[in-house]
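Worth saying up front: this structure is predicted, and the values here are computed from it rather than measured. Only this structure's heavy atoms are used, side chains among them; waters, hydrogens and symmetry mates stay out.
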Amino acid sequence: MITMSDGMMSKAATMEIAISRNGVSGALDESLEQDLQQVMVSGPNLNETSIVSGGYGGTTEGIIPTGTIKGAMSQQCSSHSALTSEELNRGLAVEKFDLVKKWGINTYKCTKQMISERFGRGTRTVDLELETQIELLRDTKRKYEGVLHLARALTAHFYSLVQTQRALGDAFSDLSQKSPELQEEFGYNAETQKLLCKNGETLLGAVNFFVSSINTLVNKTMEDTLMTVKLYETARLEFDAYRADLEELSLGPRDSATLCRMEVAQQNFQSHRVKYEKLRGDVTIKLRFLQENKVKVMRKQLLLFHNAISSYFAGNQQQLEASLQQFNIKLSSRASDKPSWLEEQ
């Protein structure tokens with residue numbers, strides 16, 4: 001409540017009222033003066049609620065319409081809202097700055113460690129058994145990619161062969177009808193080409209299945225394991241970088257500032273050690289599962305490939321179809337029209 005003592009009527013028109021802590025004052029002087037003059041001339045306005053000093057029915061001194069107070073409060077709320085928004089934006093900016101700062105420090109330490117390792121001045125943590133398995137996986141992936149490339153090339157060439165056999169069979173069939181004197185010869189050549197085309201479609205189904213399975217093994221299963229390996233190698237580099245930082249601080253003076261920095265470095269070292277050991281365990285598990293899955297998949301695919309190729313070139317149609325049934329491979333009505341690997345390109 002705003003109060004004014006008796007006998008201050010003569011000063012009411014020039015009186016200043018502080019509106020907010022922001023130093024906004026005197027904004028209501030003119031409005032207040034007009035309201036007070038109106039009250040002195042016509043008495044209080046009963047159509048609006050007023051704040052009256054001295055109680056209801058007292059003198060008309062110090063009557064301030066609540067509309068004026070509400071206006072002041074609205075300005076205060078707007079000011080407070082703007083301040084809150086500004087503080088929020090400032091907090092987000094500070095948070096982003098901290099993230100960039102941490103990233104910069106981490107990048108600097110890791111780069112320093114990497115350069116030290118390259119030039120033989122720094123030490124690195126080595127798990128010989130695990131790193132041997134990782135290198136073996138990378139080498140295996142490269143060789144399997146070569147097999148995949150050759151198998152796709154075989155599929156493309158054989159697809160062209162089947163298409164040529166189909167066209168040749170159609171040509172022989174047409175000539176057998178238009179050349180009575182050679183009808184029999186053209187006829188059995190047409191049947192031979194059609195049979196070869198049918199067997200070729202069956203073989204294409206087997207080879208397509210082989211290519212699809214190798215592609216999944218190489219570009220999904222192996223790649224997923226190598227992504228985890230990359231995370232592990234990054235964690236190893238960070239671990240060694242913070243280990244080197246801690247060792248460097250431990251060799252320096254033991255004043256209060258250095259001890260404080262050593263405590264922070266120790267915490268960072270422990271957190272990166274936990275991360276490194278966890279990822280090392282993840283890589284070990286994935287490598288073991290990958291090896292088991294690779295043997296299982298390749299044993300099945302190599303058996304299929306061998307049986308299908310042997311049966312086709314031996315002219316054993318029944319054995320060729322049995323090979324596909326053994327591995328639950330279903331052919332479309334015209335398998336040679338759209339080999340699966342060509343559809344994926």
Side-chain angles (χ1 to χ4, degrees), residues 138-224 293-345:
R138 290 193 170 111
D139 183 62
T140 301
K141 185 173 183 290
R142 284 191 295 268
K143 292 178 179 178
Y144 274 48
E145 286 172 342
V147 171
L148 181 60
H149 174 75
L150 293 173
R152 282 175 169 168
L154 174 64
T155 306
H157 295 320
F158 201 77
Y159 172 77
S160 298
L161 173 62
V162 171
Q163 296 302 312
T164 303
Q165 288 175 333
R166 176 180 289 113
L168 189 58
D170 292 341
F172 284 156
S173 179
D174 181 63
L175 287 171
S176 68
Q177 297 176 6
K178 297 179 180 180
S179 304
E181 68 281 3
L182 295 173
Q183 182 177 11
E184 183 178 355
E185 288 79 1
F186 277 126
Y188 61 67
N189 273 281
E191 292 299 323
T192 300
Q193 293 301 318
K194 290 180 179 179
L195 178 61
L196 289 173
C197 182
K198 180 180 179 180
N199 290 344
E201 291 175 350
T202 305
L203 179 60
L204 273 175
V207 177
N208 284 335
F209 186 75
F210 176 82
V211 169
S212 176
S213 299
I214 300 300
N215 180 65
T216 300
L217 178 64
V218 172
N219 294 318
K220 292 185 179 180
T221 310
M222 289 185 178
E223 187 63 28
D224 176 71
N293 186 52
K294 181 190 70 175
V295 171
K296 180 179 178 181
V297 169
M298 291 309 300
R299 180 176 286 120
K300 175 181 177 180
Q301 294 304 318
L302 291 172
L303 180 62
L304 166 67
F305 192 81
H306 173 269
N307 291 346
I309 293 290
S310 300
S311 301
Y312 173 81
F313 285 102
N316 192 335
Q317 181 181 358
Q318 294 180 347
Q319 184 62 37
L320 179 60
E321 293 176 350
S323 298
L324 270 66
Q325 294 176 358
Q326 179 183 356
F327 295 97
N328 299 319
I329 302 173
K330 297 181 180 180
L331 298 177
S332 60
S333 58
R334 296 291 294 275
S336 63
D337 287 346
K338 294 182 178 180
S340 61
W341 80 270
L342 288 174
E343 292 177 339
E344 297 174 357
Q345 299 305 310

Could you pull out the closest heavy-atom pair between [X] and [Y], with the gap in Å?
X    : Y    : result
N199 : L320 : O-CD2, 3.5 Å
V218 : K141 : O-CE, 3.6 Å
A308 : S323 : N-OG, 4.2 Å
L304 : A206 : CD2-O, 3.9 Å
Q183 : S176 : CG-O, 3.0 Å
R152 : N215 : NH2-OD1, 3.2 Å

request  = Would you check if L196 and V162 make a side-chain contact, meaning some heavy-atom pair closer than 4.5 Å?
outcome  =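 Of all side-chain heavy-atom pairs linking V162 with L196, none is under 4.5 Å.
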key: Close side-chain approach of K198 to R166, heavy-atom, < 4.5 Å   =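 No; the side chains remain at least 4.5 Å from each other.
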key: Backbone of G169 reached by a side-chain donor or acceptor of S173 within 3.5 Å   =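 No.
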key: S212 (side chain) donor-acceptor with N208 (main chain) under 3.5 angstrom   =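 No; zero donor-acceptor contacts below 3.5 Å.
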For the atom pair [atom1] ([X]) and [atom2] ([Y]), what is the distance rounded to the nearest 0.5 Å?
X    : Y    : atom1 : atom2 : result
L203 : F210 : CG    : CZ    : 12.0 Å
T164 : Q193 : OG1   : CD    : 9.5 Å
N189 : L182 : CG    : CG    : 10.5 Å
L154 : L161 : CG    : CG    : 10.0 Å
T216 : E223 : OG1   : CD    : 13.0 Å

Side chain to side chain contact (heavy atoms under 4.5 Å, CB included) between L217 and M298, intermediate numbers included = CA-CA 9 Å; L217 178 64; M298 291 309 300; 3.9 Å; yes
request  = For K294 and T140, run side chain to side chain contact (heavy atoms under 4.5 Å, CB included): C-alpha distance rounded to whole Å, both residues' side-chain angles, the deciding distance at 0.1 Å, then the answer.
outcome  = CA-CA 11 Å; K294 181 190 70 175; T140 301; 4.2 Å; yes
ask   = Taking NZ, NE, NH1 and NH2 as the nitrogens, is one of them in D174 or K178 under 4.0 Å from a carboxylate oxygen of the other?
value =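 Judged by the 4.0 Å cut-off on N to carboxylate O distance, D174 and K178 do form a salt bridge.
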inquiry  = I'd like to know if K143 and D139 make a salt bridge, using a cut-off of under 4.0 Å between side-chain N and carboxylate O.
reply    =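 Judged by the 4.0 Å cut-off on N to carboxylate O distance, K143 and D139 do form a salt bridge.
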inquiry  = One pair to check against side chain to side chain contact (heavy atoms under 4.5 Å, CB included): Q317 and L195. What are the steps and the verdict?
reply    = CA-CA 9 Å; Q317 181 181 358; L195 178 61; 3.4 Å; yes
Polar side chain donor-acceptor pair, Q301 to S213, under 3.5 angstrom =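 Judged by distance alone, the side chains do pair up.
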Centroid-centroid distance, Y312 to F158, less than 6.0 Å =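 Ring centres of F158 and Y312 closer than 6.0 Å.
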request  = Check the surroundings of atom CD in Q318: do more than 12 heavy atoms from other residues, nucleotides or ligands lie under 6.0 Å from it?
outcome  =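 No - once you tally the heavy atoms of other residues, nucleotides and ligands closer than 6.0 Å, there are 12 at most.
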message = Using the rule given for side chain to side chain contact (heavy atoms under 4.5 Å, CB included), can you reason through F172 versus K194, listing the C-alpha separation, both sets of side-chain angles and the distance that settles it, and then say yes or no?
response = CA-CA 10 Å; F172 284 156; K194 290 180 179 179; over 6 Å; no
